Amino acid sequence: MNELTSPSTKPTWREWLLAEEPTSRRQARAVGWYQGWLAFRSNTLAMIGLIILVFLIVCAIFAPLLATHDPYAQDLGQRLLPPGFQGNLFGTDSLGRDIYSRLLFGARISIYIVLLVAMVAPLIGLIIGTIAGYAGGWIDVVLMRITDIFLAFPRLILALAFVAALGAGIENAVLAIALTAWPPYARIARAETLTIRNTDFIHAIQLQGAGPVRIITKHIWPLCISSLVIRVTLDMAGIILTAAGLGFLGLGAQPPSPEWGAMISEGRKYILDHWWVATIPGLAIFAISLAFNLLGDGLRDVLDPKESGQ
Amino acid sequence: MNAVEIRDLNVWFGDGASRTDAVKQVSFDVAEGESFGLVGESGSGKSTVLRALAGLIPSWDGSMRVMNEPLGLKRSRQFHKTVQMVFQDPYASLHPRQTVDRVLSEVMHLHGVKDVDTRIEKLLRDVGLGPGFRFRYPHQLSGGQRQRVAIARALAPEPRILLLDEPTSALDVSVQAEILNLLADLREEHGLTYIMVSHDLGVVGHLCSRIAVMQLGELVEVLGVAEMRKLKAQHPYTRHLLDSSIQSVR
């Protein structure tokens, strides 16, 4: 490997990325990422998940180009047409709107909700869990009892209460879901912190005079984040369904907007005679949930420090 | 001058009924530049003394002084600059997600060192690692190489006193000798004071000039290495320890 990395032979990108002895901070980081990517790529199921997810995101981005109809245009003469009939790929719903076009625009809303929740909830959980785990004592007791109180409420009911207090709408639904979703992350982060806190590498940095904020953010967070990322990808399906549930109850995305959960609840009335109205958005939720689950499984193999450390 | 003075040190774990006294009424002095060994069986409290001195165990009483400064529960910045520690298990003492460079540069940053790049290169040379190791992760290093990185980290703030908690017991025999020689060289070069914990009398005899023997949390005897070599121990437990050590060699 030595002769490959020496500057005189001008290494290829691949050799540069697989160097045993990186020569700069930037290269060391790139090597780490590339090796993670190689491990991830060898996991077929995770790659399938990633491909589905990228496909859905591309669909959401290019929705205006891909859609065949206006997702809001109603045509009562064309209502409840079966899939493939009169140029409607997935049929039409009870107001004659094209389901295929609504699905594409709905992907924007659903992915937006999922990503916002996925950024807010684990962050709250990470901060609370690591502080509780590292500080211990009464801070731990207070923070964990608050977590217990949040965990004791049924999730949808708590989200309903928040939305009722904050007002209906997508942003408030996101906030409500995030506020109900953080306790499990706090629990995971605390459990991880408790095992990390007493390791010698934490003792070593304490001995160098590092303060608690530096230890938590620079030494404990990097080791907690991987298990949280995995948990988040596995929770994505639940987040979409909670958002759909709120939409279903009229407290999330508001009626004309093509959010997938709201589309299912509209189709509920026709499910026996016109199956496609509820089934098509249901399949979309299934696809994105499955993609996230497969991705989460693959990420666990790549990110788990207990396995990759050896 | 004494680098370290410990008087009537008690260390305990737990409270009330579950309280166990790990160290009882231990007193000893270590002169500046001396290399002092703490020996005993596992569970004798020798590592606990070291960890209490380092500030990793809050439940202690008695008095500890480092360079004539009395130690409280919270340690000062100056203490961290003066006293550093090398841990037993090099597989557990390096952060699994940080490169050697990251570990060392963070320590430099904490102690306000300028000119980080040249210092890191010098440190790595000092502990016998080339610059090729600078951007490696711990899992790319062998046990001996990891321990060298841990030693480099401990040396980064240019300490006066180095606490060594069985620094070689997790390593292969051939690597043990390398690390011991490295520690001996570094002591000579930097004029360091060592306090070393070990259950291996051979290792302590190689590196230390004076040893303290501990049993069940109490310090039973302090003797020079010359006396130890001549098997002139006073206390029966020390004699027992020396006998069993000799038998294991035979």
Side-chain angles (χ1 to χ4, degrees), chain A residues 1-6 16 18-33 35-36 39 136-137 192 195-215 217-227 302-310, chain B residues 51 53-58 74-112 117 130-140 146 149-150 153-154 156-157 159 162-163 165 170:
Chain A
M1 268 300 167
N2 255 335
E3 61 275 16
L4 295 178
T5 52
S6 66
W16 188 80
L18 285 173
E20 282 276 313
E21 293 183 1
T23 50
S24 69
R25 274 173 209 155
R26 206 164 53 91
Q27 190 186 4
R29 204 168 305 136
V31 168
W33 281 102
Q35 278 168 349
E192 292 272 341
T195 59
I196 298 165
R197 177 176 78 168
N198 285 322
T199 54
D200 280 345
F201 59 83
I202 296 296
H203 289 152
I205 196 70
Q206 283 171 341
L207 262 184
Q208 300 285 0
V213 174
R214 168 177 287 270
I215 293 175
T217 55
K218 299 217 163 162
H219 295 258
I220 294 180
W221 278 13
L223 294 176
C224 289
I225 281 172
S226 52
S227 53
V302 175
L303 291 177
D304 194 347
K306 287 166 207 89
E307 285 175 22
S308 68
Q310 300 306 312
Chain B
R51 284 175 177 257
L53 180 61
L56 297 175
I57 302 173
K74 276 211 171 267
R75 300 297 151 90
S76 65
R77 186 151 289 273
Q78 187 55 41
F79 173 85
H80 295 303
K81 240 177 149 49
T82 314
V83 181
Q84 279 300 319
M85 183 159 173
V86 176
F87 293 88
Q88 177 174 10
D89 182 2
Y91 291 87
S93 68
L94 295 177
H95 195 291
R97 289 296 171 86
Q98 293 183 346
T99 58
V100 174
D101 174 70
R102 172 93 197 272
V103 170
L104 296 179
S105 50
E106 182 168 24
V107 172
M108 303 280 181
H109 172 76
L110 280 168
H111 292 282
D117 282 335
F133 289 91
R134 184 168 165 190
F135 296 101
R136 289 202 189 183
Y137 286 93
H139 66 260
Q140 297 169 306
R146 286 176 192 227
V149 174
R153 172 178 62 192
L162 213 53
L163 309 178
D165 186 2

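Below, chain A is the first sequence line, B the second, and so on; all start at residue 1. Remember, predicted model here, so these are calculated numbers, not experimental data.
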*What residues form a side-chain contact (heavy atoms from CB on, under 4.5 Å) with A:Phe201, not counting sequence neighbours?*
A:Ile196, A:Thr199, A:Leu223, B:His95, B:Pro96

_For the interface with chain A, which of B:Gln88, B:His109, B:Arg77 has the highest count of heavy-atom pairs at distances below 4.5 Å?_
B:His109

*Could you have a look at B:Arg75, B:Gln140, B:Gln98 and say which one has the most heavy-atom pairs with chain A under 4.5 angstrom?*
B:Gln98

*Taking every non-hydrogen atom, the tightest pair across B:Arg97 and A:Pro222*: NH1-O, 4.3 Å

*asked:* For B:Arg102, which atoms come within 4.5 Å of any heavy atom of chain A: side chain, backbone, both, or neither?
replied: side chain

*asked:* For a side chain to side chain contact (heavy atoms under 4.5 Å, CB included) check, start with the C-alpha distance between B:Gln84 and A:Gln208, then their side-chain angles and the critical distance, and finish with the verdict.
replied: CA-CA 8 Å; B:Gln84 279 300 319; A:Gln208 300 285 0; 3.1 Å; yes

_Test of understanding: with side-chain contact (heavy atoms from CB on, under 4.5 Å), list the residues that count as partners of A:Arg197, not counting sequence neighbours._
A:Tyr134, A:Leu194

*Considering only heavy atoms from C-beta outward, does the side chain of A:His203 approach that of B:Phe87 to under 4.5 Å?*
yes

*Which heavy atom of A:Gly209 sits nearest a heavy atom of B:His80, and at what distance?*
CA-CD2, 3.4 Å

*By a 4.5 Å heavy-atom criterion (distance strictly below it), what part of B:Leu110 contacts chain A: side chain, backbone, both, or neither?*
side chain

_Under 4.5 Å from any heavy atom of chain A - which part of B:Phe133_ = neither

*Atom of B:Ser93, atom of A:Ala204 and distance for their closest heavy-atom approach*: O-CB, 4.5 Å

*Measure the spacing between CG of A:Leu207 and CZ of B:Arg51 and express it to the nearest 0.5 Å.*
9.0 Å

